[in-house]
Structure formats: C-alpha cells, structure tokens
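Just so it is clear, the model here is predicted, and its values are computed rather than measured. Residues take their numbers from the sequence shown, with the count starting at 1. Order of listing sets the numbers, starting from 1, for every ligand and every atom in it.
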Amino acid sequence: MERILINRRELFATALAAALPGVLHAADQADVSRMTVLSPRPEDLEMPLDGFTEWITPIDRFFVRSHVYTPKVNLSEWGLKIDGVVGQPMTLTMGDLKMLPRVELVGVLECAGNGRSFYRPRIAGAQWAFGSVGNGRWAGVRLRDVLQKAGIKSSAKEILFDGADVPLGKMPDFQRTIPTAKALHPDTLLAYEMNGQTLPIQHGFPLRVITPGWASDSWVKWLQHIEVLDHEFEGFWMKSAYRHPTHPVPPGTAVDPSEMIPVTALNVKSVIAVPVGWAKPGPVRVQGTAWSNTSPVSKVDVSTDGGQTWKRAKLTGQQTRYGWRIWQHDWKAAEGSYALISRATNMAGQTQPLSEEWNPSGYLWNTAQPVAVTISAQAPSIAETPPAATETPYPDGYKTACFSCHDEHMMQQQRLSGAQWDREINKMTGWGAPVKAQDRAAILNYLSNRFKQ
Ligand SMILES: Nc1nc2c(c(=O)[nH]1)N[C@H]1C(S)=C(S)[C@@H](COP(=O)(O)O)O[C@H]1N2
Ligand SMILES: [Mo]
C-alpha cells in the first residue's frame, strides 16, 4: 500500500513536470540546511539519519563528496573523448550518446570512506558517520556500447576515466580505472540522468560513471575522457589511495603495500534510521535500510538486547539488484535502556561483522554496531550544552599555509595523533601548502593539541 502511494506520487510529479516544462522541477542541488556539512569547499555533505527512511534519495538530500572544487561545464563545448587501444578514437556529443539505447537502474552510491569516523584508532580523511550513501535512479547508456562503438581492442586491460575537475595546487588529478570486465558488464553505465532529471552538477553533470555494487570512488563525475589502457594504471588515486588490505589487520598497524588491493565491491550493510535515542513505551517500529554489493540483501536481523537474541525484520518496498531495501521490525518496548543492532546478510551469504575490522584508510566500514535507545514515557532531558571551548589563537603562518584550498572544517573533523598530523602536514606540503620551516612546529603543535585522538 505504502509503495503504491509513493509510486503514484512520483508518477504525478513526473506527469506534472512533463506538462509544465521549466515550471515545476525537483531540486537540483543538496539543501545544505538539511545536510551535515563536513566541508563547504571542496564540498563534502553528509545525509542525516532521517534520509534512511526513503527508498529513492531525493537530490536535495543526496550526499556530496568532491576531492576538489565543482567545475563549471558548458554542454555546448563538452564532448566525451575516447582513445587509447581502440580502433577509432572519437569524441561524442551528448546528442551522439542519446542515440544509443537508454538504460535505467536503481543503485546505491556509497563512498568507500562511509563510516570512517567510527574506527578506533581514528583515521585521517572525511569523517563520515552513516550518511555518505544514497539510493539513486540512474539513466544513461551502457559503457559497453560506447567502448564497442570506438572499437575497443582485445588487448584492453583497464578503462581510465577523467573528469573535468581540476586539481588544487600540486595534488594529483582524480583519475580512476576499472578493469575491462567490469566496464563491459551490461549494468555499468554512463549516466546523464539522476532520479528522472538531468544529472545535477554536484553529482557530475553532464555524465558520470555508474559501477553498480562498487564503492563510489569508481563513479567518476564530470566525465570527459575515457582512455582504454593495455596496462595497469599507475596514478595516485589507484596506487596510493582507495586501497585496503586483503585481510583484517590489528587496529592502528601499518600494512605493506604489497598486501593492499584496490577497493571495488561494497560491503553488505544496514542502518537504523528510527528510533533515534528515545521512544515511548509500547509498540515501536524499528526501521532503516539495508544494501549490499552485486549480491542483493536476503535478510535483515534485528536485536533489541545488544545481540543476545535476534528477530527477522520485514523487508518492504521494491527489490532491485543494486538498490537498497527498506526494512522494519515491530517491537513491543517496555521502559528501560536498550542496545539496538541491525544486521544484514546478502544472497551470497556475506553478513555484517559484530566487531570492527580495522584497515589503515578506513574504508568500507560495515560493523553491526549497537545503537543506544531509552524507552521512557518522558523524553530524557538533553544535557546542557557545554560552554564553548576557549579559542586557541592560530599559530603564525597557519592561515597562509592551510586556508587557501579549504577552511578549517577539514581539520576540525579530524581526531589524530601527533604522528598522524605530521603525516597530514607532509601530504599537504606535497600538494603545495606553503608551510614555512620556522612555522611548522607551532602548526603541528596546534593541530595535535586541538584535534587529537
Ligand atoms: N571527477 C570526480 N569524480 C568523483 C569524485 C571527484 O572528486 N571527482 N569523487 C568520487 C567519490 S570519492 C565519491 S564518494 C563520489 C561521490 O558522488 P556524489 O558527490 O554524487 O555523491 O564521486 C566520485 N567521483
Ligand atoms: Mo568517496
């Protein structure tokens, strides 16, 4: 019933939009007032928990993750260049692309770093909680059709994607490859539409890669160049970033690069959207979403006693291969304090670990972790907000060294040791941060004391 209502509403909105072009249109960017802003520029915007009650994530709530500033793309000048080991190198316009068969699929877009803030010890990087993930409806053409049009050769090994975004300072350009087998899969798309409208600029207008079931570092935005390679790509974002160990390692340990492989498939995972923190005694509907990789979710189990006993949740709404499922569990809750856990399993039998599996860059977090909920007639009084921390004055040279490409949001979200801050300063110096030798110790001292583990 619920599903039919939603579909009707969607249909109605689509019909109206078609009848009144340009008059009624859905939002084409994130509503910052309803997002958690990790960084305003480059934009890293997280979807809060209540977003996990919707099947298709609306664009105004869809998370945004960009390594650099959003580029300006003019469609009349834009073209998709395809070269490398192909018979006919070519440049396609949007008109050319739209002559190819249109394909649509619903699929989860999730950042490899989603959940990074939960790892202990903490790891440098965007400090996502649950919400660098969304379920979108993507439409475009098969990458396979484009590659075949250009005459991809049998020596092809990897497909290299480059977007229109420009690196800041001396940082390496965001370029990513996927293996030819994934590129030729019929569900791997180049999308020009999201949720039934033109792909918004924050999400990669005019064209982005869709690699369903894989983490979104492969979903390259603002795509303008595809190069077919007959060798393994050596770029920074493949060889240094987005790699994880083949096996769990003790928390906080370094891993030999030879034991690291690129992040590809997502992990099976679930999130509890409601209740948040408190509910009244009586019937309580525990609800959330669950998603997986290329193997769909088969079940979600819920515990209200910290994992001692489990009940099967009801999966509702539509099932698609790559989309997320809404699930619910009706619970008769008596007064008390509870630890709620949800645990998803996929058709391949993969399930969420009950304790953390740490890795050095904090990728693919999917621990089934307890969420504290109080059941009481009255909402617990909210603790008074502590007085604002006393301002620490900026050390000399800090603003000049660190505030040109981004502001302090990037630093404020981190909780790092002195050694980790030292590495961050080295990384940023390598990218062009003008850290004066005489200022470095004071900057390191400030960061290590203010934003510590
Ligand atoms: N060109 C380009 N593509 C990109 C990125 C980027 O910085 N530049 N970020 C990637 C990462 S790490 C993620 S998580 C997703 C985020 O997609 P979204 O902003 O549409 O949510 O885009 C991916 N594609
Ligand atoms: Mo990401």
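The distance criterion of under 3.5 Å between nitrogen or oxygen atoms is not met by W222 with respect to ligand 1. Close N/O approach between D217 and ligand 1 is not found [any backbone or side-chain N/O within under 3.5 Å].
Using a 4.0 Å cut-off between heavy atoms, L109 contacts ligand 1 through its side chain alone, with no backbone atom that close.
The nearest heavy-atom contact from the protein to atom 21 (O) of ligand 1 is F63 O, 2.8 Å. Regarding atom 12 (S) of ligand 1, its nearest protein heavy-atom neighbour is Y242 OH, 3.0 Å.
For the atom pair I210 CD1 and L189 CG, the distance stands at 6.5 Å (nearest 0.5 Å).
The aromatic rings of W237 and H67 sit tilted relative to each other, their planes meeting at an angle between 30° and 60°.
Side-chain contact annotation: S132 with N114, donor-acceptor N/O pair under 3.5 Å present. The closest side-chain donor-acceptor pair between H225 and D83 falls under 3.5 angstrom. Neither side chain, T53 nor D50, offers a donor N or O lying under 3.5 Å from an acceptor on the other.
Comparing heavy-atom distances from atom 7 (O) of ligand 1 across H67, K221, E110, Q224 singles out H67 as nearest.
Heavy atoms of E43 come nearer than 4.0 angstrom to ligand 1 in no pair at all. In this structure, F161 does not count as a contact residue of ligand 1, since none of its heavy atoms falls inside 4.0 Å of the ligand.
In this structure, D407 does not pair ionically with K399, as no charged nitrogen and carboxylate oxygen lie closer than 4.0 Å.
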